[in-house]
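Notes to accompany the following structure.
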There are 2 protein chains.
Amino acid sequence: MAKPQDRQLVEQWRSMQTTYFQTAGALERALESKFNIGLTEFEILDLVAESADAACRMKQLGERTPMTQSAMSKVVDRLDKAGLISRQSCEDDRRSLYLELTDAGRALHRQAAVEHRALLRENLGTD
Amino acid sequence: MAKPQDRQLVEQWRSMQTTYFQTAGALERALESKFNIGLTEFEILDLVAESADAACRMKQLGERTPMTQSAMSKVVDRLDKAGLISRQSCEDDRRSLYLELTDAGRALHRQAAVEHRALLRENLGTD
DNA sequence: ACAACTTATATGACGCGTCATTGAATGACA
DNA sequence: TGTCATTCAATGACGCGTCATATAAGTTGT
């Protein structure tokens with residue numbers, strides 16, 4: 001009992017939790033105060049911005065994040081209502097949705113990304 | 001723009017998010033289904049179990065986890081109601097609280113810890 | 001001993017994520 | 001082509017965490 005390997009695992013886990021929450025918290029606060037969006041919102045913007053190509057994305061996006069389908073749906077809904085993203089139905093499969101940044105969304109993302117990267121560097125940076 | 005260093009930071013962050021959520025999810029589900037407690041509950045039990053010594057703990061515990069004071073208070077409340085922990089007022093400072101595992105709490109923690117460590121190994125293990 | 005401040009925990013309102021379910025569209029196959 | 005199963009997205013109920021605040025106890029300075 002109280003195997004040293006276990007202790008080490010637990011330490012590793014806690015340390016991960018700590019950096020995770022610290023970083024997420026910093027990102028959350030900065031994005032919220034400067035751009036009025038939450039971290040999850042930004043993360044979706046970021047994913048959509050990355051895939052400049054087309055595709056019935058809603059689904060594929062889900063594969064690139066640990067978010068639930070349900071969560072995705074709600075975040076996208078918020079982004080839509082905020083006018084940052086637009087959902088367009090897919091013609092070859094009318095269950096799916098295309099996601100696209102609006103101009104406002106693209107602009108906001110460009111600015112927010114700078115802040116985001118800076119904070120990542122600050123929190124995860126190996127410098 | 002699109003600096004490769006930035007990309008690398010983002011990758012690092014996403015990968016961390018993924019392992020964090022996967023691991024937390026696995027822990028959550030296992031603890032919930034086998035012991036009827038959430039991950040946070042277990043984590044508090046774990047912390048209390050570790051500090052076998054005395055102290056006005058509620059506060060000090062807060063320093064060992066990224067949880068909010070408010071969150072702590074509520075988790076402890078749940079654990080108390082579940083009969084796993086007991087809150088006793090501190091005599092030298094009646095604002096503070098001693099936390100102590102009940103027998104049930106200690107027993108549950110002993111079993112749950114095995115599961116917990118196993119899942120950590122499975123998810124974070126470098127083997 | 002009295003104000004004004006600080007510290008330890010609790011609580012209420014609120015937002016977000018999760019689970020389970022629904023609705024709609026598609027696929028598979030006789 | 002009609003049925004049954006499957007897949008994509010949306011929704012409502014619910015739980016937990018957060019922020020702002022409340023309450024109570026301790027501290028400090030005069």
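All of these numbers come straight from a predicted model, not from anything done at the bench. Letters A, B, ... are given to chains in the order of the sequence lines, protein chains preceding strands, and every chain is numbered from 1.
- Ring geometry for W13(B) against Y20(A) counts as parallel: the plane angle stays under 30°, on a 0 to 90° scale with 60° as the upper cut.
- Take the nearest nucleotide of DNA chain D for R95(A) and for R87(A): the residue whose nucleotide is more 5' is R95(A).
- Nucleic acid contact class of S73(A) (heavy atoms, under 4.0 Å, all strands): base.
- For the atom pair D80(A) CG and K74(A) NZ, the distance stands at 15.5 Å (nearest 0.5 Å).
- Contact annotation: side chain of S70(B) to base of dC19(D), donor-acceptor pair present below 3.5 Å.
- Nearest heavy atom pair, residue L31(B) against residue F42(B), reads CD1-CB, 3.7 Å.
- Between Q69(B) atom CD and dA22(D) atom C1' the separation is 12 Å, expressed in whole Å.
- Across all strands shown, R78(B) has heavy atoms under 4.0 Å from sugar-phosphate atoms exclusively, and none from any base.
- If V76(A) and F21(A) are placed on DNA chain D by their nearest nucleotide, the residue sitting closer to the 5' end is V76(A).
- If you take CG on L119(B) and CD on E28(B), they are separated by 12.0 Å, rounding to the nearest 0.5 Å.
- For R94(B), no side-chain nitrogen or oxygen approaches OP1 or OP2 of dA24(D) to under 4.0 Å.
- Nearest heavy-atom pair across M72(B) and M58(B) is CE-O, 3.4 Å.
- One can place CG of D77(A) at 6 Å from P of dT11(D), the figure rounded to the nearest angstrom.
- Counting non-hydrogen atoms under 4.0 angstrom, D93(A) reaches the backbone sugars and phosphates but no base.
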Does the salt bridge (charged side-chain N to carboxylate O under 4.0 Å, His left out) test come out yes or no for R117(A) and D46(A), once each step is laid out?
CA-CA 11 Å; R117(A) 309 317 184 216; D46(A) 211 24; 3.1 Å; yes

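- Rounded to whole Å, atom P of dA25(D) lies 17 Å from atom CE of M58(B).
- Think of the region where chain A sits on DNA chain C: with heavy atoms and a 4.0 Å cut, that region ends 5' and 3' at dC16(C) to dT26(C).
- Comparing E32(A) and D92(A) by the nucleotide of DNA chain C whose heavy atom lies nearest to each, the residue mapping closer to the 5' end is E32(A).
- Without hydrogens or angle criteria, R87(B) side chain to L97(B) main chain gives no donor-acceptor distance under 3.5 Å.
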